[in-house]
Amino acid sequence: MDQALLKRLEVFHAAAELMHRYQALVDAKDVDGLAGLVTDDVELVRVQGNRKGREAFLDLYREFAASDVELAQHMLTNLQVSPLGGERYQVDACFWVITTHRTGEARQVWGRYRNDIVQADGEWRIAAKRISVTGIAIVPEDALVPADVTSFGPLPRRVTTTEHGGERVR
């Protein structure tokens, strides 16, 4: 097999595994685990502001771990890996995350990642993470159905009270 192709496949596989581990650790609110995925001088870029360094990076995830999020489930798609020169690669992907909150509602957040990854001590790590949120949707508690309801067939009907005292069946 062509060595250049083999290298591209190895890096693509490593990037996919790194991104999936990142999302699983965020979902688990495992800040210590996330610390092992980034370089000491990692850069984090978000519309809310930029951060530099492992501890500053982890502060965002400490905030997330302390938040009212009960469950989070990240999904990743459209992964693309491009060489940046040397052993640095850019990893672009789309993400979608659903979170449930102690207040009862759920949120859907979608957007794009643009990460730089490098090998350090034989492990692939995130050297730069750019998170660009495209949209956020709030799903009110009364729009959610129990998780044990089948995803096909009739859904349970709900009777809700309107602001004028009438009833509405959904």
Side-chain angles (χ1 to χ4, degrees), residues 1-103 105-139 147 151:
M1 179 179 279
D2 177 345
Q3 291 301 311
L5 175 59
L6 182 58
K7 178 67 175 182
R8 284 182 39 219
L9 290 171
E10 287 175 2
V11 173
F12 184 88
H13 180 74
E17 284 193 351
L18 182 60
M19 295 305 101
H20 290 296
R21 273 188 314 200
Y22 160 80
Q23 290 186 315
L25 291 167
V26 172
D27 290 348
K29 297 183 176 183
D30 184 345
V31 176
D32 292 334
L34 286 165
L37 296 186
V38 299
T39 61
D40 290 338
D41 61 348
V42 64
E43 295 177 62
L44 177 63
V45 177
R46 299 172 64 230
V47 71
Q48 294 85 356
N50 302 342
R51 301 174 188 212
K52 186 158 175 77
R54 178 178 278 128
E55 288 305 311
F57 176 90
L58 294 175
D59 283 345
L60 173 68
Y61 299 97
R62 289 181 185 107
E63 293 166 21
F64 178 74
S67 75
D68 76 331
V69 171
E70 290 182 325
L71 295 170
Q73 183 175 351
H74 281 80
M75 288 149 272
L76 187 77
T77 187
N78 298 5
L79 189 74
Q80 186 175 17
V81 179
S82 307
L84 291 173
E87 288 296 309
R88 193 173 184 109
Y89 293 84
Q90 181 174 294
V91 181
D92 292 301
C94 297
F95 71 88
W96 183 42
V97 61
I98 300 170
T99 57
T100 60
H101 299 259
R102 284 191 284 271
T103 53
E105 85 273 356
R107 293 181 194 160
Q108 298 181 61
V109 180
W110 60 96
R112 296 183 179 272
Y113 294 139
R114 173 162 281 172
N115 303 322
D116 294 357
I117 64 170
V118 297
Q119 267 191 314
D121 302 322
E123 297 288 326
W124 286 96
R125 293 203 167 67
I126 299 169
K129 179 152 209 56
R130 298 167 200 93
I131 303 170
S132 176
V133 172
T134 304
I136 301 172
I138 305 296
V139 182
S151 61

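- Across every non-hydrogen atom of Asp92 and Gln90, the tightest pair is OD2-NE2, 2.9 Å.
- Of the inter-residue distances, the one linking Lys129 atom NZ with Leu44 atom CG reads 8.0 Å to the nearest 0.5 angstrom.
- Residues satisfying the side chain to side chain contact (heavy atoms under 4.5 Å, CB included) test with Asp41, not counting sequence neighbours, are Thr39, Lys52.
- Sorted by first and then second residue, the side chain to side chain donor-acceptor pair (under 3.5 Å) pairs involving residues 55-67 (not counting sequence neighbours) are Tyr22-Tyr61, Arg51-Glu63, Glu55-Arg62, Asp59-Arg62.
- The number of heavy-atom neighbours closer than 6.0 Å to NE2 of His20, taken from other residues, nucleotides and ligands shown, is above 12.
- Summarising the geometry, atom CG belonging to Asp32 is positioned 6.0 Å from atom CG belonging to Asp30; distances are rounded to the nearest 0.5 Å.
- Here the shortest heavy-atom pairing between Arg112 and Phe95 reads N-CE2, 3.3 Å.
- Listed by chain and residue number, Glu105 satisfy the side chain to side chain donor-acceptor pair (under 3.5 Å) test with Arg107 (two or more places apart in sequence, or in another chain).
- The distance from atom CZ of Arg21 to atom CG of Leu34, rounded to the nearest 0.5 Å, is 11.0 Å.
- No side-chain heavy atom of Thr99 sits less than 4.5 Å from a side-chain heavy atom of Val109.
- A 4.5 Å side-chain heavy-atom check between Arg46 and Leu60 finds at least one atom pair inside the cut-off.
- The shortest non-hydrogen separation linking Val42 to Ile126 is CG2-O, 3.5 Å.
- Once rounded to the nearest 0.5 Å, the distance linking CD of Gln3 with CG of Leu5 reads 9.5 Å.
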Run the side-chain donor-acceptor check on residues 117-125: report pairs under 3.5 Å with partners two or more places apart or on a different chain.
from, atom 1, to, atom 2, distance (Å)
Arg125, NE, Gly36, O, 3.2
Arg125, NH1, Ala120, O, 2.7

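- Residue Arg130 forms a side-chain contact (heavy atoms from CB on, under 4.5 Å) with just one option from Asn115, Asp116, Asn50, and that option is Asp116.
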Identify all side-chain donor-acceptor contacts of residues 68-86 below 3.5 Å with residues at least two apart in sequence or on another chain.
from, atom 1, to, atom 2, distance (Å)
Asp68, OD1, His101, ND1, 2.9
His74, ND1, Asp27, OD1, 2.5

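- Distance CZ/Arg54 to CG/Leu37: 9.5 Å, rounded to 0.5 Å.
- The ring-ring contact (aromatic ring centres under 6.0 Å, His included) analysis of residues 36-55, with sequence neighbours excluded, yields no pairs.
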